[in-house]
Amino acid sequence: MKTIITSTGNQLNSIFDLRFGRAGWFCLYDDQSGEISFIENENINSQSGAGTKTVEKVVELGAQKVISGDFGPKAKELLEKFNIQMVLLQDDNSTVQHIIDNLKS
């Protein structure tokens, strides 16, 4: 399963980003292959619609799960429509590596 983790940076030691549509980066983790990649969020400075544009990117990347701190109502609705699981995490001190380690266990 491919999981997206919102991140403040493009490294495993980057801090988890509580924002979804305006997160700085997305960590794409594939638990089948173990592959990890970082994608810069093109929508971080969008005037409007950052959440819905970000959902389009999530679908394009083939993710089945998104871990973030918050999802706006429109983003939530779209993620549900595409059957993408949303996981809310409120720990803004966690690193991306820590979250991946928790997914593995």
**Item:** Side-chain donor/acceptor of Gln90 to backbone N/O of Gly69, under 3.5 Å
**Value:** yes
**Prompt:** Any sub-3.5 Å donor-acceptor pair from Asn10's side-chain atoms to Glu40's backbone N or O?
**Reply:** no
**Item:** side-chain contact (heavy atoms from CB on, under 4.5 Å) assessment of Lys65 paired with Val87
**Value:** CA-CA 7 Å; Lys65 182 191 299 185; Val87 178; 3.9 Å; yes
**Request:** Check whether any side-chain heavy atom of Val59 lies under 4.5 Å from a side-chain heavy atom of Ile84, and answer yes or no.
**Result:** yes
**Message:** When you measure from the side chain of Arg19 to the backbone of Ser68, do you find a donor-acceptor pair of N or O atoms at a distance under 3.5 Å?
**Reply:** no
**Prompt:** Only one of Gln97, Lys104, His98 clears side-chain hydrogen bond (donor to acceptor under 3.5 Å, both in side chains) with Asp101; which?
**Reply:** Gln97
**Request:** Evaluate the criterion side-chain contact (heavy atoms from CB on, under 4.5 Å) for residue pair Ile67 and Phe16; output intermediate values, then yes/no.
**Result:** CA-CA 9 Å; Ile67 301 173; Phe16 170 69; 4.0 Å; yes
**Asked** If you measure from the Lys or Arg side-chain nitrogens to the Asp or Glu carboxylate oxygens, is any gap between Lys53 and Glu56 under 4.0 Å?
**Response** no
**Message:** I need the minimum non-hydrogen distance between Met86 and Phe71, along with the two atoms involved.
**Reply:** CB-CE1, 3.7 Å
**Sub-4.5 Å side-chain heavy-atom contact between Trp25 and Val96** = no
**Request:** Please examine the side chains of Phe26 and Thr54, heavy atoms only from C-beta on, and report whether any two atoms are closer than 4.5 Å.
**Result:** yes
**Message:** Show the nearest heavy-atom pair for residues Lys2 and Leu28, with the distance to one decimal.
**Reply:** CB-CD1, 4.0 Å
**Message:** Can a donor-acceptor pair be found, under 3.5 Å and without considering hydrogens, that links the side chain of Asp17 to the backbone of Thr6?
**Reply:** no
